[in-house]
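Since the structure comes first, as C-alpha cells, the remarks are kept for the end.
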Number of protein chains: 2
Amino acid sequence: MRAEARKPYDIESLTNVAVRVFAERGYDGASMDDVARAAGITKASIYHHVTGKEALLGRGLRRALDALSAILEEPGSNRGRAGARLEHVVRRVAEVTFDLLPELSVLFRIRGNSPTELEALAHRRRFDRTVASLVRQAQNEGSVRSDIDPGVATRLIFGMSNSTVEWFRADGRSSPGELADAICKVALGGLKI
Amino acid sequence: MRAEARKPYDIESLTNVAVRVFAERGYDGASMDDVARAAGITKASIYHHVTGKEALLGRGLRRALDALSAILEEPGSNRGRAGARLEHVVRRVAEVTFDLLPELSVLFRIRGNSPTELEALAHRRRFDRTVASLVRQAQNEGSVRSDIDPGVATRLIFGMSNSTVEWFRADGRSSPGELADAICKVALGGLKI
DNA sequence: GGCCGTTTACCGACCCTTCGGTAGCCTAGA
DNA sequence: TCTAGGCTACCGAAGGGTCGGTAAACGGCC
C-alpha cells in the first residue's frame, strides 16, 4: 500500500501542475500552497525549481502564446484564399485550445495585473490583429460578409472559441474534433454572406 | 478649489464601485483597499455599509443573475415560435450585458471558489439549461440546424456574447445596438439551416 | 428656536491569518 | 562525495476584518 514512487519534478512537470491549478482557481485565487499540495510537495520545494509564482505564470503563458503564434506560421495560414486561410486558423486555434487547455485557460483570463500579464496581453493583441487583417482580406475577396467590422468579427469568433476552456473537458463524452467542427460551423457559418 | 462634496455612500452606490473594481482586477486580484481607494473612503468605512468582501461580490452577482432571469420572463421569450424566442433571448442578453457591464463581467469570470460563487454558478447553469431547451425546440421546429448538440450550441452562443465584456467599452465608438446586431447575425446566422 | 438623544457616514489604529518567499538541513543515488 | 530534490522552520508584507471613536445631520419636543 506504499505511495507510488513519483518521478522527481523538473521545471516543465511542475509547470504542468501549476498551470492546472491556476486554471482551476484562477491565478490570483490560487496560492503557492495550493500548487504545492497539488504537486504533492512542499511550497518551499517549488522554489528549488522556479524563482516564484509569477515565473510559473510566465511559463504557462509562454506555452500558450507560442502555440498560437505557431499556427500563423503554418502553410494553411499563408497559402490559398483568405477565406480558407481564416478557416484554417480558426480550426487550428480550437484544436490547440483543447490540446493546451489549462495554459490557454489561464491566458484567456489574465487581466494585466502585472508586467508578465501585460506582456502576454500585448502578444495576444498582436495575434488578434493578424487575424483581423485576415478577416478583412476575406471580406475583400467576398468570402465573408462585409457588414461587420473585422476587429469585431475577430473578437466574436475567438470569444466563441476561447469560451470552450470554461466548460470543455476531455472526458470522452465530447470529442475535440466534433467541437472544433461545431465552432467552425457556427462561427464561420455566421460570417458567410 | 475645495473638493467637490460627494454624496454619502449607501450599499447600492458602494456596490457600484466595488463591482467596477472587481471587473477590472478580478475578484481575487482586487483588495478591499483597492475598493476603498476607488471609492475615496477608508477600508474600515466599507464595513459600515456591508458585512464583507464576499457580500459585495454577492450583491454584484445577484444584480447580474436577476437581470438575466428577468429576460426569461419577458413576453418575447415565451410567445411565438422557438426560433424567434431564441433570437429575442440572445439579443436581450447582449443588451443586458452592455447595460450591466461590470456585474456581468464579474459573473462570467467566477470559478466557484466560495459558497457565494458556487451558488451563482448553479443559478447560471439553470439559465443555460433553459436556453438549451429553447434551442432544442428550435431544432425540432426546423429553424435551427440539428447537427449540433443544443447544450453545445447554447454554450457557443453565450461564449460569443459573453466575451464582449472583455473588450466592449461604452465609449461611443461602437454602439451597443450595432454590437448586439452583430452578435445575432453571427451566432444565430451560424445556427441557421 | 434651542436643546437633546439618535443615527449615519466615516476614520486611524490595530488584529489575526494567509501569502509569497528564504535559510538551512537532510537524504538517496550517480 | 557531490548534488538534485526535497524538507522543516521561519520571515515580512499584505490581506480581510474589528474596535473605539468622531463629526455632522436628523428629528422631536418643550
Side-chain angles (χ1 to χ4, degrees), chain A residues 2-61 106 110-118, chain B residues 2-61 106 110-118:
Chain A
R2 70 177 186 84
E4 183 68 29
R6 193 197 66 247
K7 181 170 17 158
Y9 283 109
D10 61 3
I11 315 185
E12 289 309 316
S13 54
L14 236 188
T15 304
N16 290 343
V17 175
V19 158
R20 236 169 287 147
V21 174
F22 293 164
E24 225 167 90
R25 329 255 290 206
Y27 175 69
D28 287 313
S31 73
M32 288 298 266
D33 261 325
D34 289 333
V35 177
R37 247 192 310 276
I41 59 178
T42 355
K43 187 177 55 158
S45 302
I46 295 178
Y47 289 86
H48 175 71
H49 300 282
V50 80
T51 63
K53 192 188 184 189
E54 208 169 330
L56 282 173
L57 174 65
R59 291 189 147 267
L61 294 177
V106 171
I110 57 174
R111 311 250 49 186
N113 289 342
S114 68
T116 307
E117 298 189 21
L118 284 171
Chain B
R2 70 176 187 86
E4 182 67 29
R6 193 198 68 246
K7 179 163 29 149
Y9 283 108
D10 61 3
I11 315 183
E12 290 309 316
S13 54
L14 235 191
T15 304
N16 291 342
V17 176
V19 158
R20 236 169 287 147
V21 174
F22 292 165
E24 226 166 90
R25 329 253 291 204
Y27 175 69
D28 287 314
S31 75
M32 287 298 265
D33 262 324
D34 288 334
V35 176
R37 247 192 309 277
I41 61 179
T42 5
K43 189 175 57 157
S45 302
I46 295 178
Y47 289 86
H48 174 69
H49 299 281
V50 81
T51 63
K53 193 188 182 190
E54 207 170 330
L56 282 173
L57 174 66
R59 293 189 146 266
L61 293 177
V106 171
I110 56 174
R111 312 250 48 185
N113 290 342
S114 67
T116 308
E117 299 189 21
L118 284 171

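Residue numbers start from 1 in every chain, and the chains themselves are labelled A, B, ... in the order their sequence lines are given, proteins ahead of strands. Small disclaimer: the values here were computed from a predicted structure and weren't measured.
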Strand contacts (DNA chain C) in residues 11-24 of chain B, 4.0 angstrom heavy-atom criterion =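 Per residue number, the list is empty: none.
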When you measure from every atom of DNA chain C, which of residues 31-61 of chain A have a heavy atom less than 4.0 Å away?
->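 Only A/S31, A/M32, A/K43, A/A44, A/Y47, A/G52, A/K53 qualify.
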When you list every nucleotide of DNA chain C with an atom under 4.0 Å from a heavy atom of chain B, which one comes first 5' to 3', and which comes last?
->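 Boundary nucleotides touching chain B, in 5' to 3' order, are C/dT8 to C/dG12.
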Side-chain donor/acceptor of [X] to backbone N/O of [Y], under 3.5 Å:
| X | Y | result |
| --- | --- | --- |
| B/E117 | B/I110 | no |
| B/S45 | B/I41 | no |
| A/S31 | A/D34 | yes |
| A/Y27 | B/G29 | no |

Scan B/V17, B/V19, B/I46 and name whichever one has a side chain to side chain contact (heavy atoms under 4.5 Å, CB included) with B/L56.
->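 When side chain to side chain contact (heavy atoms under 4.5 Å, CB included) is applied between B/L56 and each of B/V17, B/V19, B/I46, only B/I46 qualifies.
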Return the minimal non-hydrogen interatomic distance between B/V106 and B/A23, and the atom names on each side.
->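 Reported closest heavy-atom pair: CG2-N, 3.7 Å.
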Taking every non-hydrogen atom, the tightest pair across A/F22 and A/V35 |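 Looks like CE2-CG2, 3.9 Å.
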Keeping to residues at least two apart or across chains, list the salt bridge (Lys or Arg N to Asp or Glu O under 4.0 Å) pairs with something in residues 40-59 of chain A.
->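 Listed by first then second residue: A/E12-A/R59.
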Rounded distance (nearest 0.5 Å) linking atom CD of A/E24 with atom CG of B/N113 |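 Those atoms lie 9.0 Å apart.
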Rounded to the nearest 0.5 Å, how far does OH of B/Y47 lie from OG1 of B/T42?
->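 Here the rounded value is 12.0 Å.
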Would A/S13 and A/N16 count as a side-chain hydrogen bond (donor to acceptor under 3.5 Å, both in side chains) if you check the C-alpha gap in whole Å, the side-chain angles of each, and the deciding distance to 0.1 Å?
-> CA-CA 5 Å; A/S13 54; A/N16 290 343; 5.9 Å; no
Mind listing the N/O atom pairs, protein and nucleotides 25-27 of chain D, below 3.5 Å?
none

Could I get the full list of salt bridge (Lys or Arg N to Asp or Glu O under 4.0 Å) partners for B/R20, not counting sequence neighbours?
->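 Salt bridge (Lys or Arg N to Asp or Glu O under 4.0 Å) list for B/R20, sorted by chain: empty.
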